[in-house]
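Quick caveat: nothing in here was measured; it's all calculated off a predicted structure. Numbering of residues begins at 1 and proceeds along the displayed sequence.
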Amino acid sequence: MTFKLIILIYCPFDWVMDTNIQVTVTNTPTDSSSKLYADVFKFPPPPLTSQVHETLPEMTMRSRIVHSKLVWYLPRIKRPAAVHYLQGQPTGTFIVRSSSRPGELCLSMRHPGTAGGAFIEHFNIIAVPNGYRLDREDKVFSSLDELVLHHCTNKGALPCTLDIPQALKTAQTPADIQSLAILEE
């Protein structure tokens with residue numbers, strides 16, 4: 001009896017391999033019992049991950065911020081949940097959430113504090129006609145992504161720079177980051 005299987009294999013490199021495999025199954029009696037045998041025609045494996053990643057361009061921090069927005073932009077999270085989430089996270093970890101003030105957002109972040117222990121603090125983000133700004137700064141950013149990106153490299157009025165999780169820093173492709181973002185939800 002011969003079966004024809006079609007297998008679709010998804011790889012995180014945004015390509016799909018359609019593989020036709022022909023399987024022959026025979027029922028051959030051995031020592032008064034039957035054994036099932038299968039012959040599978042093997043195909044060469046796809047390139048190794050390291051070979052594929054060598055050809056990919058390096059992801060910029062801007063790209064990482066944009067593609068990880070599902071991780072750090074959590075508008076339905078309230079202040080107590082934000083504090084709970086940020087406890088135990090590394091310094092610089094942050095989320096952007098809705099503020100208790102209508103129409104405003106809030107940047108909640110973990111920072112080193114001044115008394116030697118880690119501290120969680122909240123900074124209001126104000127929407128202005130041409131973008132967003134922290135209430136403690138005059139600099140206006142065209143988007144939340146730009147505000148976060150700027151504060152990942154410049155602390156400005158914040159106690160320290162913002163930091164994205166290590167897994168997002170080392171992800172190789174936008175698809176990897178989006179997969180991590182979905183898992184984070």
Would a 4.5 Å heavy-atom cut-off, applied to side chains only, mark [X] and [Y] as touching?
X: I95; Y: Y73; answer: no
X: L107; Y: L158; answer: yes
X: V96; Y: C106; answer: no

Looking at [X] and [Y], what are the two nearest heavy atoms and their distance?
X: L105; Y: S98; value: CD2-CA, 4.0 Å
X: A82; Y: I77; value: N-CG2, 3.6 Å
X: R64; Y: A171; value: NH1-O, 2.8 Å
X: A157; Y: E137; value: N-OE2, 2.7 Å
X: L168; Y: S68; value: CD1-CB, 3.5 Å

Legend entry - Short N-O contact, D145 and K69, less than 4.0 angstrom: yes

Inset, instruction - Applying ring pair (Phe, Tyr, Trp, His ring centres under 6.0 Å), name anything that partners Y132, two or more places apart in sequence or on another chain. - result: none

Point-to-point distance, once rounded to the nearest 0.5 Å, from [atom1] of [X] to [atom2] of [Y]:
X: L86; Y: F94; atom1: CG; atom2: CZ; value: 10.0 Å
X: I164; Y: T170; atom1: CD1; atom2: OG1; value: 9.0 Å
X: H151; Y: L162; atom1: NE2; atom2: CG; value: 7.0 Å

Inset, instruction - Only pairs at least two apart or in different chains count here, so list each side chain to side chain donor-acceptor pair (under 3.5 Å) that has a residue in residues 158-169. - result: D163-K169

Inset, instruction - Just jot down the side chain to side chain contact (heavy atoms under 4.5 Å, CB included) partners of S142, sequence neighbours excluded, or say none. - result: E146

Legend entry - Counterpart residues, side chain to side chain contact (heavy atoms under 4.5 Å, CB included), relative to Q89 (two or more places apart): T93, R110

Extract all donor-acceptor atom pairs below 3.5 Å that involve side chains of residues 119-129 and protein atoms in other chains or at least two apart in sequence.
residue : atom : partner : partner atom : Å
E121    : OE1  : H111    : NE2          : 2.9
E121    : OE2  : R136    : NH2          : 3.4
H122    : ND1  : R97     : NH2          : 3.2
H122    : ND1  : S108    : OG           : 2.7
N124    : OD1  : S99     : OG           : 3.4

Legend entry - Verify same cluster id: M59, L149 (apolar side-chain graph, 4.5 Å): yes

Inset, instruction - Assess whether atom CG of N130 is packed by more than 12 heavy atoms of other residues, nucleotides or ligands within 6.0 Å. - result: yes

Inset, instruction - Among residues two or more places apart or on two chains, list those pairs meeting salt bridge (Lys or Arg N to Asp or Glu O under 4.0 Å) that have a residue in residues 70-83. - result: none

Inset, instruction - Look only at the side chain of W72 and the backbone of V148, and say whether a donor-acceptor pair between them is shorter than 3.5 Å. - result: no

